[in-house]
S.K.: 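Next up is a structure, given as structure tokens.
Letters A, B, ... are given to chains in the order of the sequence lines, protein chains preceding strands, and every chain is numbered from 1. Keep in mind the model is a prediction, meaning the values are calculated, not measured.
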Number of protein chains: 2
Amino acid sequence: MTDINFSGMAAKPDSQGSDHPSSAAGPSDLRWDIIELLFFAYRDFVGDADQELEAFGFGRAHHRVIHFVTRYPGLKVADLLDVLRITKQSLGRVLKQLLDEGYIVQKTGNNDRRQRLLYATPKGEALVAKLAGLQTDRINRAVAGIDAEGVETVRQFLRAMIDRDDPDKVLEAIFGARKTKE
Amino acid sequence: MTDINFSGMAAKPDSQGSDHPSSAAGPSDLRWDIIELLFFAYRDFVGDADQELEAFGFGRAHHRVIHFVTRYPGLKVADLLDVLRITKQSLGRVLKQLLDEGYIVQKTGNNDRRQRLLYATPKGEALVAKLAGLQTDRINRAVAGIDAEGVETVRQFLRAMIDRDDPDKVLEAIFGARKTKE
DNA sequence: AATTTATGTCAGTCATATTGACGTATCTTG
DNA sequence: CAAGATACGTCAATATGACTGACATAAATT
């Protein structure tokens with residue numbers, strides 16, 4: 001079975017890739033390998049959490065919300081929308097579920113009573129820690145053969161892959177760079 | 001505005017993360033930084049293509065299909081299902097659109113006439129090259145300050161993040177490892 | 001001839017996302 | 001203080017991309 005002509009292939013359609021000046025490497029030198037490695041790496045990375053989430057009746061959307069609320073306590077709804085890049089309406093249902101089931105609590109802002117600051121409950125933190133544990137295990141396996149300097153290179157690469165124009169609050173916290181812009 | 005208590009925070013809920021023995025680092029030492037860098041890096045990485053795809057009336061599902069068909073000509077439908085980890089029914093509509101609009105053609109298998117081998121048309125290849133160009137530009141920017149050895153470390157990390165048990169045909173092609181298993 | 005395999009399709013459902021409109025409480029500004 | 005802007009919530013309708021389950025067909029295998 002599976003007698004496909006699949007030996008040493010991966011034909012590269014470089015023919016018409018000339019309208020985007022690839023900066024450093026060669027002419028129309030597309031980085032197919034890294035593109036696909038990113039796809040598979042992320043697919044399996046999020047897959048770890050997916051299985052666990054099923055047991056809770058949650059999906060990836062819930063994970064993203066509870067993760068960032070746990071990590072950045074006091075996050076506003078508007079901040080969360082910036083980070084997740086979704087609309088208020090999409091967030092609404094997921095957030096409501098997490099509130100109703102006691103994974104997140106809201107507190108009215110002190111300075112601005114319109115704001116609903118979000119905090120994870122111990123229950124929510126436990127779930128996030130469990131999921132982060134699974135993902136950490138995968139990361140630890142991945143960096144097992146890489147020295148400290150190499151891991152820093154990986155971090156540098158990932159940081160440089162992220163858009164820095166108009167960063168949201170979480171990104172500002174991650175990068176520590178408070179752009180003079182407001 | 002946005003006067004949130006957001007200065008040097010990122011509280012780490014390490015308290016209950018003790019039921020997953022983190023292999024190498026410390027006890028309950030979760031890799032929050034890499035977890036979040038992966039999230040943002042992938043978010044922006046796929047975001048590049050999303051904008052372009054909108055102009056064609058396509059979504060991410062179309063991109064994934066046409067990408068792998070372009071890269072691995074002669075892919076069978078069943079192979080594609082393994083790679084994308086979706087069901088036949090989900091693939092159906094997306095694949096039909098790409099066929100109808102002339103981005104992909106089917107050819108009956110030579111050895112097995114039940115198979116529909118998938119090939120990208122020039123039109124399909126052009127779209128894939130355009131999208132890969134955008135993503136390559138981002139990757140090139142990201143590795144601008146990293147030497148060849150460092151880039152190889154990044155590749156090593158990404159490869160090690162991928163599940164290797166029961167790899168599909170595309171992964172076998174990427175890793176070149178044909179596991180003695182069939 | 002019977003079975004398995006590769007593919008396609010129909011029908012229904014679910015999760016997550018969208019846009020647009022509207023309401024309400026609250027803060028800011030003229 | 002009145003007017004407007006802001007933060008948030010919600011209602012309605014819709015789209016995408018996924019799912020399960022069932023069934024059909026052609027072709028290969030046994």
S.K.: State which residues pass side chain to side chain donor-acceptor pair (under 3.5 Å) with A/Asp100; sequence neighbours excluded, sorted by chain then number.
M.R.: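 For A/Asp100 the side chain to side chain donor-acceptor pair (under 3.5 Å) partners, ignoring immediate neighbours, are A/Lys96.
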
S.K.: Enumerate the ring pair (Phe, Tyr, Trp, His ring centres under 6.0 Å) contacts for residues 85-115 of chain A, please, sequence neighbours excluded, ordered by first and then second residue.
M.R.: A/Phe58-A/Tyr103

S.K.: Which residues pass the side chain to side chain contact (heavy atoms under 4.5 Å, CB included) test with A/Leu81, sequence neighbours left out?
M.R.: A/Val77, A/Ile86, A/Lys88, A/Leu91

S.K.: Tell me whether the guanidinium CZ or amine NZ of B/Lys169 lies under 6.0 angstrom from the six-membered ring centre of B/Tyr72 and within 45° of its axis.
M.R.: no

S.K.: Taking 4.0 Å as the cut-off, does a side-chain nitrogen or oxygen of B/Thr87 come that near to OP1 or OP2 on D/dA18?
M.R.: no

S.K.: Find the distance B/Lys96:NZ to C/dG8:P and express it as a whole number of Å.
M.R.: 11 Å

S.K.: Which part of the nucleic acid does B/Glu54 contact within heavy-atom distance under 4.0 Å: base, sugar-phosphate only, or nothing?
M.R.: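 Nothing: the residue B/Glu54, judged by heavy atoms under 4.0 Å, touches no strand.
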
S.K.: Could you state the CG-P distance from B/Asp79 to C/dT7, rounded to the nearest angstrom?
M.R.: 8 Å

S.K.: Could you state the atom-to-atom distance from CG of A/Leu80 to P of D/dG9 in whole Å?
M.R.: 11 Å

S.K.: Side-chain N or O of A/Gln106 less than 4.0 angstrom from OP1 or OP2 on D/dG9?
M.R.: yes

S.K.: Between residues 40-50 of chain A and DNA chain C, which residues have a heavy-atom gap below 4.0 Å?
M.R.: none

S.K.: Scan residues 128-160 of chain B for pairs that pass ring pair (Phe, Tyr, Trp, His ring centres under 6.0 Å), counting only residues two or more places apart or in two chains.
M.R.: none

S.K.: Rounded to whole angstroms, how far apart are NZ on B/Lys76 and P on C/dG8?
M.R.: 12 Å

S.K.: Could you name each residue pair satisfying salt bridge (Lys or Arg N to Asp or Glu O under 4.0 Å) that touches residues 142-162 of chain B, not counting sequence neighbours?
M.R.: A/Asp33-B/Arg155, B/Glu152-B/Arg155, B/Glu152-B/Arg159

S.K.: Excluding sequence neighbours, so at least two apart, what forms side chain to side chain donor-acceptor pair (under 3.5 Å) with A/Asp48?
M.R.: A/Arg138

S.K.: Starting from the 5' end of DNA chain C, give me the residue, B/Gly92 or A/Gln97, whose nearest nucleotide shows up first.
M.R.: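 Whichever sits nearer the 5' end wins; that is B/Gly92.
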
S.K.: Between atom NZ in B/Lys169 and atom P in C/dA6, what is the gap in whole Å?
M.R.: 11 Å

S.K.: I need the full list of ring pair (Phe, Tyr, Trp, His ring centres under 6.0 Å) pairs touching residues 78-97 of chain B, with sequence neighbours left out, sorted by first then second residue.
M.R.: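 Residue pairs passing ring pair (Phe, Tyr, Trp, His ring centres under 6.0 Å), neighbours aside: none found.
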
S.K.: Output a table of nitrogen or oxygen pairs between the protein and nucleotides 12-15 of chain C separated by less than 3.5 Å.
M.R.:
none

S.K.: Treating primed atoms plus P, OP1 and OP2 as sugar-phosphate and everything else as base, which nucleotides of nucleotides 20-30 of chain C get B, S or - for protein heavy atoms under 4.0 Å?
M.R.: BB---BBS---

S.K.: Within 45° of the ring axis of A/Phe39 and under 6.0 Å from its six-membered ring centre, is that where the NZ or CZ of B/Arg64 lies?
M.R.: no

S.K.: Who are the side chain to side chain donor-acceptor pair (under 3.5 Å) partners of A/Gln135, not counting sequence neighbours?
M.R.: none

S.K.: Which residues satisfy the salt bridge (charged side-chain N to carboxylate O under 4.0 Å, His left out) test with B/Arg85, sequence neighbours excluded?
M.R.: A/Asp44

S.K.: Once you round it to whole Å, what is the distance between C1' of D/dG17 and CG of B/Leu84?
M.R.: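 Atom-to-atom, B/Leu84 to D/dG17, this comes out as 12 Å.
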
